[in-house]
Amino acid sequence: TVQDEASQLIVDLLDVKPDHAVLDTCAAPGTKTTGIAEVLGDEGHVLALDRHAGRLKLIARAARRLGLKQIRTLVRDASQPLHDLPGAEGQETPDSAPAQFDRVLVDAPCSGLGAMRRNADVRWRIRSEDPMELASTQSAILAQAAQVVSPGGSLVYSTCTVMPEENEDVIQPFLAAHPEFRLVPAEELPPALRPLIDADGFLRCYPHLHDMDGFFAARLERVRPS
């Protein structure tokens with residue numbers, strides 16, 4: 001599946017293991033979903049969400065093309081509560097036991113300004129107020145996704161933008177409000193990614209420095225129950 005190198009690094013940052021249950025909250029068109037499934041092999045499972053049924057068909061088509069049987073899709077707005085999600089293998093969970101996932105990816109809807117070199121028209125589509133408006137949606141998705149991360153599990157938040165309003169200004173308030181999560185330090189991340197981790201602990205890619213799209217990502221670990 002052809003995708004920019006920065007996009008591929010997000011799956012590496014998620015650090016999926018073969019037996020993991022994984023949730024991809026904003027999955028379409030599915031390049032990261034299929035990347036996750038390829039790492040999982042036949043033992044794990046990934047549940048891919050999107051609020052548009054038509055876009056989920058892109059994921060199903062890609063899964064068929066690649067022979068990936070570990071992917072399930074579900075129409076869902078990830079900014080709304082996710083506690084009633086089925087388990088990654090499709091099992092219903094009791095009302096008192098919210099779904100739990102070893103890894104959760106929030107590849108959030110964003111302004112896309114980091115991918116301007118390939119999508120030049122974005123400069124005419126994005127308004128000056130859009131990053132702040134998008135940040136509200138991004139924060140809502142992050143908060144809901146956090147509720148279904150299992151203890152000891154990890155959540156990766158990523159965007160293809162370099163705007164602080166959509167990046168660190170989303171993560172830092174989240175961490176302040178959720179002491180059960182910590183930002184995973186560079187020394188605990190996969191070695192190949194460490195040169196891209198900045199002094200604040202965030203993964204950042206820039207076209208003029210790394211010959212990749214402009215991406216931001218943070219890996220958060222649940223260290224205790226809510």
May I ask whether Val39 and Ile59 are part of the same hydrophobic cluster, defined by side-chain heavy atoms of I, L, V, M, F, W, Y residues being less than 4.5 angstrom apart, directly or through others? yes
Take the angle between the ring planes of Phe216 and Phe202 and call it parallel below 30°, perpendicular above 60°, tilted in between. tilted
Can you hop from Leu58 to Leu68 via hydrophobic side chains spaced under 4.5 Å? no
More than 12 heavy atoms of other groups within 6.0 Å of Asp198 CG: yes
Where Pro131 and Met163 come nearest, the two heavy atoms and their spacing: CG-CE, 4.1 Å
Please lay out, stage by stage, how Val149 and Leu23 fare under the test side-chain contact (heavy atoms from CB on, under 4.5 Å). CA-CA 9 Å; Val149 179; Leu23 176 66; over 6 Å; no
Would a single hydrophobic cluster contain both Leu155 and Leu175, if residues Ile, Leu, Val, Met, Phe, Trp and Tyr are joined by side-chain heavy-atom contacts under 4.5 Å? yes
Show your reasoning for whether side-chain contact (heavy atoms from CB on, under 4.5 Å) applies to Arg76 and Asp84. CA-CA 11 Å; Arg76 198 64 174 266; Asp84 61 336; 2.4 Å; yes
A quick test of your reading: do over 12 heavy atoms of other residues, nucleotides or ligands sit less than 6.0 Å from CZ of Arg117? yes
Looking only at heavy atoms, the pair that brings Asp107 and Cys26 closest together is O-CB, 3.5 Å
Apply the test side-chain hydrogen bond (donor to acceptor under 3.5 Å, both in side chains) to residues Gln138 and Thr159: give CA-CA distance (whole Å), side-chain angles for both, the deciding distance (0.1 Å), then the verdict. CA-CA 10 Å; Gln138 293 157 352; Thr159 69; over 6 Å; no
Partner residues of Pro151 under the side chain to side chain contact (heavy atoms under 4.5 Å, CB included) criterion, sequence neighbours left out: Gln100, Arg222
Is Val75 reachable from Leu105 through a run of I, L, V, M, F, W or Y residues, each pair having side-chain heavy atoms under 4.5 Å apart? yes
Can you measure from CD (Glu133) to OG (Ser111) and round to the nearest 0.5 angstrom? 12.0 Å
Cluster check Leu196, Tyr206: I/L/V/M/F/W/Y, side chain < 4.5 angstrom: no
Can you name the one residue among Asn167, Ile10, Leu9 that meets side-chain contact (heavy atoms from CB on, under 4.5 Å) with Phe215? Ile10
Going through the distances and angles, do Leu183 and Asp200 end up as a side-chain contact (heavy atoms from CB on, under 4.5 Å)? CA-CA 9 Å; Leu183 180 66; Asp200 295 320; 5.9 Å; no
Test side-chain contact (heavy atoms from CB on, under 4.5 Å) on Gln8 and Gln3 and set out the steps. CA-CA 7 Å; Gln8 298 175 49; Gln3 58 184 305; 3.5 Å; yes
Quick check on Arg182: does its CZ atom have over 12 non-hydrogen neighbours (other residues, nucleotides or ligands) under 6.0 Å away? yes
